[in-house]
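To find a chain, count down the sequence lines: A is the first, B the second, and so on, and within it residues start at 1.
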There are 2 protein chains.
Amino acid sequence: MTSYAERPTVEMTNPRADRVKSVARLSGRSARLKTGKFRVEGPQAVREALRSGLEGKHNVGAVQELYYQPETLQRHPDIAELVDNLDPADVFVRSCTAEVIAAMSDAQTPQGLVAVCTLVGRTEDNEPTGRYVALLCGLQDPGNVGTIIRAADAAGATATILSSGSVDVHNPKVVRSTVGSLFHLPIYQNQDVSAVVQAYRSAGWQIFAADGYGDVDLDQLQNEALQNGSRQPASQEPDLRKNTIWLFGNEAKGLSEAELELADARVAVPLYGQAESLNVATAATLCLYASARAHRSKAETSSSDATKND
Amino acid sequence: MTSYAERPTVEMTNPRADRVKSVARLSGRSARLKTGKFRVEGPQAVREALRSGLEGKHNVGAVQELYYQPETLQRHPDIAELVDNLDPADVFVRSCTAEVIAAMSDAQTPQGLVAVCTLVGRTEDNEPTGRYVALLCGLQDPGNVGTIIRAADAAGATATILSSGSVDVHNPKVVRSTVGSLFHLPIYQNQDVSAVVQAYRSAGWQIFAADGYGDVDLDQLQNEALQNGSRQPASQEPDLRKNTIWLFGNEAKGLSEAELELADARVAVPLYGQAESLNVATAATLCLYASARAHRSKAETSSSDATKND
């Protein structure tokens with residue numbers, strides 16, 4: 001069988017075809033809800049979508065349709081191989097002209113690859129697993145949400161959870177700024193903040209509110225965690241070495257009083273200069289990496305505990 | 001004298017007036033270069049511009065013109081007071097209708113306040129001072145540059161330096177995403193990367209390249225710095241407690257080979273999950289905060305060294 005990258009014919013040339021329009025319409029939430037699908041663009045993100053299906057990791061985010069410019073697959077042999085391994089009975093694969101790809105996309109610079117996938121956002125209740133997760137409460141800016149999902153992935157968080165009232169994770173700008181991380185860790189959407197907190201608390205997790213006005217200093221927590229290493233955390237004290245769910249609030253308003261009330265501690269990223277605050281995505285990155293470091297150091301300083309900490 | 005916030009007349013009502021157009025034109029680089037001015041919008045950023053002038057901190061970024069909706073000053077009495085203290089001989093202050101403010105701005109939601117200031121980007125050589133600074137090499141995305149300037153401010157960096165070929169810091173999107181931090185620390189622009197590195201190296205600074213493929217792990221450096229506290233750093237080893245200039249590279253291409261060659265060490269933010277990389281603004285935040293923490297811990301664990309570390 002000839003590789004898709006080497007086939008001579010371009011199959012889709014009409015940017016006004018119905019199929020092209022239906023892919024373009026996935027920029028809108030109602031089209032996504034109606035079809036149960038969303039659009040993923042560009043080599044990095046499409047590669048992660050394809051890999052995630054290959055590994056059968058999640059029963060969400062399955063690639064259903066794949067559109068490519070032949071030269072893009074030629075430039076990315078690893079993606080070409082993933083595409084060649086797709087079962088044509090499952091996935092609709094077509095080569096396209098640059099005009100067709102551009103008409104499907106709302107990116108400023110379409111990058112020659114578009115996938116249509118089943119939605120990744122889960123709406124069922126989530127079971128607390130792992131050691132630290134992010135809970136986004138009413139976040140509205142797609143770039144922030146995408147950046148936090150990517151940072152949560154990088155920091156090794158087990159899940160990202162979004163409250164109802166947060167932006168849809170399938171929004172094209174969110175998808176773009178996650179650069180594939182949407183396919184790496186489970187994403188929960190439309191969640192009730194207090195129900196989630198209740199579930200994690202029942203499972204013995206600590207609840208941290210990231211709050212610029214908080215009375216607990218992130219860097220101090222971090223130093224204590226590194227100094228204490230594998231020693232048992234005191235049961236009532238805020239401690240980064242415990243399993244932690246981090247609450248992050250709306251860009252303009254922060255966390256509401258009701259959300260702050262849910263937390264065991266209000267943790268502030270220290271400001272060493274004159275800035276009055278940090279962007280929420282920046283703050284979230286620092287908080288999640290602080291959790292990552294504390295859990296690592298706990299694992300590294302302890303050999304007897306090692307099996308608990310993977 | 002009546003407070004500006006309480007004056008009954010709105011002085012500027014014509015959104016097509018020449019003066020309005022000339023403020024709007026500051027969205028473009030050529031108009032900024034020609035006039036030597038740039039536009040600042042919204043309460044937070046305008047407040048910082050006014051304060052910075054009040055403190056006479058920098059001989060740049062002086063407010064020259066100020067346009068306000070009366071209700072905005074009424075909602076922000078602290079800003080109203082700063083405006084009342086301006087010398088009318090120095091600053092052109094006018095109340096405006098919402099339409100006039102909107103016509104001056106390219107923000108999606110203009111926030112009732114616009115200032116026109118002298119440029120803040122310095123083009124002269126910079127003297128190495130302080131303990132850690134950021135050097136942006138060819139960064140193009142205004143949101144990234146703004147976020148890094150804000151994070152550098154928050155982390156207590158002494159300066160942010162931009163290479164020639166980076167986006168102009170007076171670009172409206174950069175200005176917006178710094179949320180006033182442009183007025184907090186000196187910003188150098190159009191700098192030659194190797195000349196800057198040479199100047200810092202001569203002053204005894206360590207040169208770190210932030211590089212996803214780097215062989216030095218940021219978190220390991222951080223742990224070592226915290227463990228070593230005030231003990232003298234080994235002279236040849238990478239050590240966050242030394243004065244450090246951080247090089248950050250272009251969004252798509254990273255640092256060039258030539259830029260990497262300039263560094264004493266290539267430092268990677270560890271990736272604990274499956275993400276292949278971090279956004280440059282996210283990585284820069286983690287790097288600069290790591291420097292901040294290491295210098296703090298050095299200062300805190302040492303009383304005899306305390307005077308060296310302010």
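With a 4.5 Å cut-off on non-hydrogen atoms, T285(A) touches chain B through its backbone and its side chain both. For a residue to count as touching a neighbouring chain, one of its non-hydrogen atoms must lie under 4.5 Å from one of that chain's; by this rule A154(A) touches chain B with backbone and side chain alike. Using a 4.5 Å cut-off between heavy atoms, E48(A) contacts chain B through its side chain alone, with no backbone atom that close. Residue contact with chain A, scored on non-hydrogen atoms closer than 4.5 Å, is absent for Q227(B). In this structure, the portions of S277(A) lying under 4.5 Å from any heavy atom of chain B include both its backbone and its side chain.
The heavy-atom pair separating Q274(B) from H184(A) by the smallest distance is NE2-O, 3.1 Å.
Looking only at atom types and distance, the side chain of R150(B) has no donor-acceptor partner in the side chain of T282(A) under 3.5 Å away.
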With side-chain contact (heavy atoms from CB on, under 4.5 Å) as the test, would you mind laying out the steps for H295(A) and Y272(B) before giving the verdict? CA-CA 11 Å; H295(A) 278 279; Y272(B) 297 121; over 6 Å; no
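Contact count against chain A (heavy-atom pairs under 4.5 Å) is highest for A155(B) among S181(B), A155(B), S177(B), A292(B). Highest contact tally toward chain B, considering only N223(A), L271(A), L278(A), T147(A), is held by L278(A) [criterion: heavy-atom pairs under 4.5 Å].
A donor-acceptor contact shorter than 3.5 Å links the side chain of Y289(B) to the backbone of P270(A). Using a distance-only test at 3.5 Å, with no hydrogens or angles considered, a donor-acceptor pair links the side chain of D153(A) to the main chain of A275(B).
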Report, one line per pair, each donor and acceptor closer than 3.5 Å where one atom sits in a side chain of residues 75-83 of chain B; sequence neighbours left out.
residue	atom	partner	partner atom	Å
D78(B)	OD2	R47(B)	NE	2.7
D78(B)	OD2	R47(B)	NH2	3.2

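Taking CZ of R293(B) as the reference point, atom CG of L218(A) lies at 6.0 Å (rounded to 0.5 Å).
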